[in-house]
Amino acid sequence: MAKPQQEVYFVFMNFDPVYERLRADRSKEGSGTLDAYLSHKHDKLLAKLLQPDTYRKKSSLAIVDGFAVEITDAQASILRLAKEVRVVEKNQELA
């Protein structure tokens, strides 16, 4: 049986007051704290909703509280249903 094709999706999260507070701290330490917080938060969401070794997170995006992840269409549908998630969009290459 063929393995479902994975593509890059961007996942944007709902409002998070902790994210907003950390983002307001423009210091170097504050930036590191924000990056660590988001990476952990995004990893935790993926681990809660998807099977291990079936996805690959590419990056967390601090400016918008989101992340890029390689997943299948079915996994994207699962993420869309999560209460923490605002939007899941497939990456589209611009010509």
Side-chain angles (χ1 to χ4, degrees):
M1 186 165 132
K3 183 177 180 182
Q5 181 179 349
Q6 291 190 328
E7 297 185 69
V8 175
Y9 284 80
F10 290 98
V11 179
F12 300 100
M13 308 297 284
N14 280 323
F15 177 77
D16 175 358
V18 175
Y19 162 74
E20 294 297 334
R21 180 179 53 78
L22 292 172
R23 194 178 77 154
D25 182 351
R26 303 274 188 210
S27 70
K28 191 177 273 191
E29 296 80 20
S31 177
T33 302
L34 175 61
D35 290 345
Y37 171 76
L38 288 177
S39 185
H40 176 72
K41 172 181 159 178
H42 300 155
D43 290 345
K44 201 165 116 178
L45 176 73
L46 288 166
K48 178 176 88 169
L49 296 174
L50 305 178
Q51 294 296 316
D53 302 319
T54 64
Y55 61 88
R56 186 168 73 93
K57 187 177 87 169
K58 299 185 67 77
S59 63
S60 285
L61 310 168
I63 197 164
V64 292
D65 189 6
F67 58 95
V69 62
E70 287 182 13
I71 53 176
T72 65
D73 288 337
Q75 289 172 311
S77 294
I78 291 168
L79 288 174
R80 283 186 184 101
L81 296 175
K83 69 179 181 349
E84 302 93 337
V85 173
R86 182 170 35 108
V87 176
V88 178
E89 288 292 328
K90 188 184 294 185
N91 183 37
Q92 297 183 16
E93 296 291 327
L94 299 177

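Numbering starts at 1 and runs along the sequence shown. The figures here come from the full heavy-atom set of this structure, side chains too, leaving out hydrogens, waters and symmetry mates.
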Check: D73 and Q5 side chains under 4.5 Å, non-hydrogen atoms
no
For L61 against L38, the heavy-atom pair lying closest together:
O-CD1, 4.1 Å
Validation row: E84, K48 side chains within 4.5 angstrom (heavy atoms)
yes
For the student: nearest non-hydrogen atoms of Y19 and A62, plus distance
OH-O, 2.7 Å
Considering residues, nucleotides and ligands other than Q51, do more than 12 of their heavy atoms fall under 6.0 Å from its CD?
no
State which residue, out of Y55, F67, F12, fulfils the ring-ring contact (aromatic ring centres under 6.0 Å, His included) condition with H42.
F67
Does F15 belong to the same Ile/Leu/Val/Met/Phe/Trp/Tyr cluster as I63, with side-chain heavy atoms less than 4.5 Å apart forming each link?
no
Any side-chain to backbone donor/acceptor pair from R80 onto V88? Under 3.5 Å, distance only.
yes
Shortest non-hydrogen pair, Y9 vs I71, comes out as CD1-CG1, 3.4 Å
Using the rule that two of Ile, Leu, Val, Met, Phe, Trp, Tyr join whenever any of their side-chain heavy atoms come within less than 4.5 Å, decide whether F10 and V69 are in one cluster.
no
Between Y37 and D16, is there a side-chain heavy-atom distance shorter than 4.5 Å?
yes
Give, for atom OG1 of T54 and atom CD of Q6, the distance between the pair rounded to the nearest 0.5 Å.
7.0 Å
Locate the shortest heavy-atom distance separating R86 from M13; write the atom from each residue and the value.
NE-O, 3.4 Å
Criterion side chain to side chain contact (heavy atoms under 4.5 Å, CB included) on Q75 and L49, from CA distance to verdict:
CA-CA 9 Å; Q75 289 172 311; L49 296 174; over 6 Å; no
Do you know the tightest heavy-atom contact between D25 and G30?
OD2-CA, 3.4 Å
Any chance the side chains of S60 and K41 put a donor and an acceptor closer than 3.5 Å?
no
Closer than 3.5 angstrom, by distance alone: can the side chain of N14 be matched with the main-chain N or O of K83 as a donor-acceptor pair?
yes
Hey, are the side chains of V11 and L46 touching, using non-hydrogen atoms and a 4.5 Å cut-off?
no
